[in-house]
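First the structure, in the form of structure tokens, and then the observations on it.
From a predicted model like this one, the values you see are computed outputs, not experimental measurements.
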Amino acid sequence: MKKALLILGVSLALFSCNKSEDKKENFKTAYIDTVELLKEYDKYKDEEDKFKVKSQELGRPLEAKLQAFQTEAAGFQRNAQVKGMAWAQQKGAELQQREQQLSMEQEAFLRQIQIESDSIRNSIVIGLKDYIKTYGKKEGYDYIYGTGDAQTILFAKDPYDITKEVLKKLNEEFAAKNGKTSKKEDETSADDKKAETKEDKK
């Protein structure tokens, strides 16, 4: 009887061990370099380009004011010698007041730009997180870790890195929605044309 119980115990232990090994074999995990993903995401590049143009347009009136002030301030010393001390004191006070006002306007503008830039970035990051969740479920991952600014992985083998795989799908979907090729394809095409031109010259 004891012998039978011992055999049964060994069998259960082996079954439990095999089951544990099966679980490990079926366990699917990967990681994504979140900094690279965001930096190379065509939608993010596209939004950045649009925002640069917009910020330049918004900044033009302030830039014109600053240039006008610098021109006036540059001529202040020369005019002061001609127009006398009383004029110089009055004009100096005016210029100082205008400089403070322009400084406040510049700070307000930079804050506005920073807020809008953060808003665009946060919106895209939220979209990426949702995409990765959907991707993970679809591809049957148990975990997808992230590396980048806030690292959660200190070491992992390269085969677990799915950054380029996810990035490729993201850019293809973005290109399909906007009816254009991905920026990476455009760059490759441009490089091919350069290579062809060099060959022709030879």
Side-chain angles (χ1 to χ4, degrees), residues 22-66 101-195:
D22 286 344
K23 278 184 180 178
K24 283 180 183 176
E25 284 172 12
N26 294 330
F27 190 79
K28 191 175 180 183
T29 187
Y31 72 91
I32 292 172
D33 184 335
T34 51
V35 171
E36 185 186 353
L37 189 71
L38 184 65
K39 190 176 77 173
E40 297 300 327
Y41 184 21
D42 284 347
K43 183 177 181 180
Y44 181 64
K45 291 179 183 178
D46 200 49
E47 291 295 335
E48 263 199 329
D49 290 343
K50 286 178 189 173
F51 183 69
K52 277 178 187 173
V53 172
K54 183 184 174 182
S55 60
Q56 283 169 358
E57 288 293 327
L58 289 171
R60 279 203 179 108
L62 179 59
E63 192 178 348
K65 284 183 185 179
L66 286 166
Q101 182 62 37
L102 284 169
S103 179
M104 286 167 66
E105 284 183 39
Q106 195 171 29
E107 284 175 15
F109 173 73
L110 291 173
R111 274 198 304 272
Q112 180 193 345
I113 291 296
Q114 188 62 54
I115 289 166
E116 287 190 38
S117 176
D118 289 345
S119 175
I120 290 167
R121 183 188 174 93
N122 291 340
S123 174
I124 289 173
V125 167
I126 289 166
L128 284 173
K129 284 180 180 177
D130 290 340
Y131 183 90
I132 291 165
K133 280 180 189 175
T134 305
Y135 179 86
K137 286 175 186 175
K138 186 181 173 184
E139 298 296 326
Y141 283 98
D142 294 284
Y143 291 98
I144 294 179
Y145 298 96
T147 66
D149 291 333
Q151 291 194 359
T152 54
I153 293 178
L154 297 177
F155 172 77
K157 292 180 179 177
D158 288 342
Y160 291 106
D161 184 358
I162 59 168
T163 309
K164 285 183 170 58
E165 182 184 328
V166 174
L167 185 61
K168 186 173 181 288
K169 287 182 181 293
L170 271 167
N171 286 339
E172 282 172 356
E173 287 184 21
F174 174 69
K177 281 179 186 174
N178 291 273
K180 56 185 179 182
T181 57
S182 71
K183 295 201 176 194
K184 193 60 94 176
E185 285 177 21
D186 290 339
E187 286 167 11
T188 305
S189 177
D191 289 341
D192 290 342
K193 283 178 183 175
K194 282 179 185 175

*Might you point out which heavy atoms bring Gly146 and Thr34 nearest each other, and give the distance in Å?*
CA-CG2, 4.2 Å

*So, are Arg121 and Glu47 salt-bridged, with charged N and O less than 4.0 Å apart?*
no

*asked:* Salt bridge or not between Asp49 and Lys45? Use side-chain N to carboxylate O under 4.0 Å.
replied: no

State, with a plain yes or no, whether a side-chain heavy atom of [X] is found less than 4.5 Å away from one of [Y].
X: Lys164; Y: Lys168; value: no
X: Glu116; Y: Lys54; value: yes
X: Gln114; Y: Leu110; value: no
X: Thr147; Y: Asp161; value: no
X: Ile124; Y: Ile120; value: yes
X: Asp42; Y: Asp46; value: no
X: Tyr41; Y: Asn171; value: yes

In Å and rounded to the nearest 0.5 Å, what is the [atom1] to [atom2] distance from [X] to [Y]?
X: Glu48; Y: Leu38; atom1: CD; atom2: CG; result: 8.0 Å
X: Glu172; Y: Leu167; atom1: CD; atom2: CG; result: 10.0 Å
X: Ile144; Y: Lys129; atom1: CD1; atom2: NZ; result: 14.0 Å

*Any pair with a residue in residues 131-141 that passes side-chain hydrogen bond (donor to acceptor under 3.5 Å, both in side chains), sequence neighbours left out, goes on the list, sorted by first then second residue, please.*
Tyr131-Glu173, Tyr135-Glu165

*Give me the one residue out of Gln56, Glu63, Glu57 that meets side-chain hydrogen bond (donor to acceptor under 3.5 Å, both in side chains) with Arg60.*
Glu57

*Evaluate the criterion side-chain contact (heavy atoms from CB on, under 4.5 Å) for residue pair Leu128 and Leu170; output intermediate values, then yes/no.*
CA-CA 9 Å; Leu128 284 173; Leu170 271 167; 3.4 Å; yes

Judged by atom type as modelled, is there a donor-acceptor pair below 3.5 Å linking the side chain of [X] to the main-chain atoms of [Y]?
X: Ser117; Y: Ile113; value: no
X: Asp142; Y: Thr29; value: no
X: Thr163; Y: Leu37; value: no
X: Asn178; Y: Phe174; value: yes

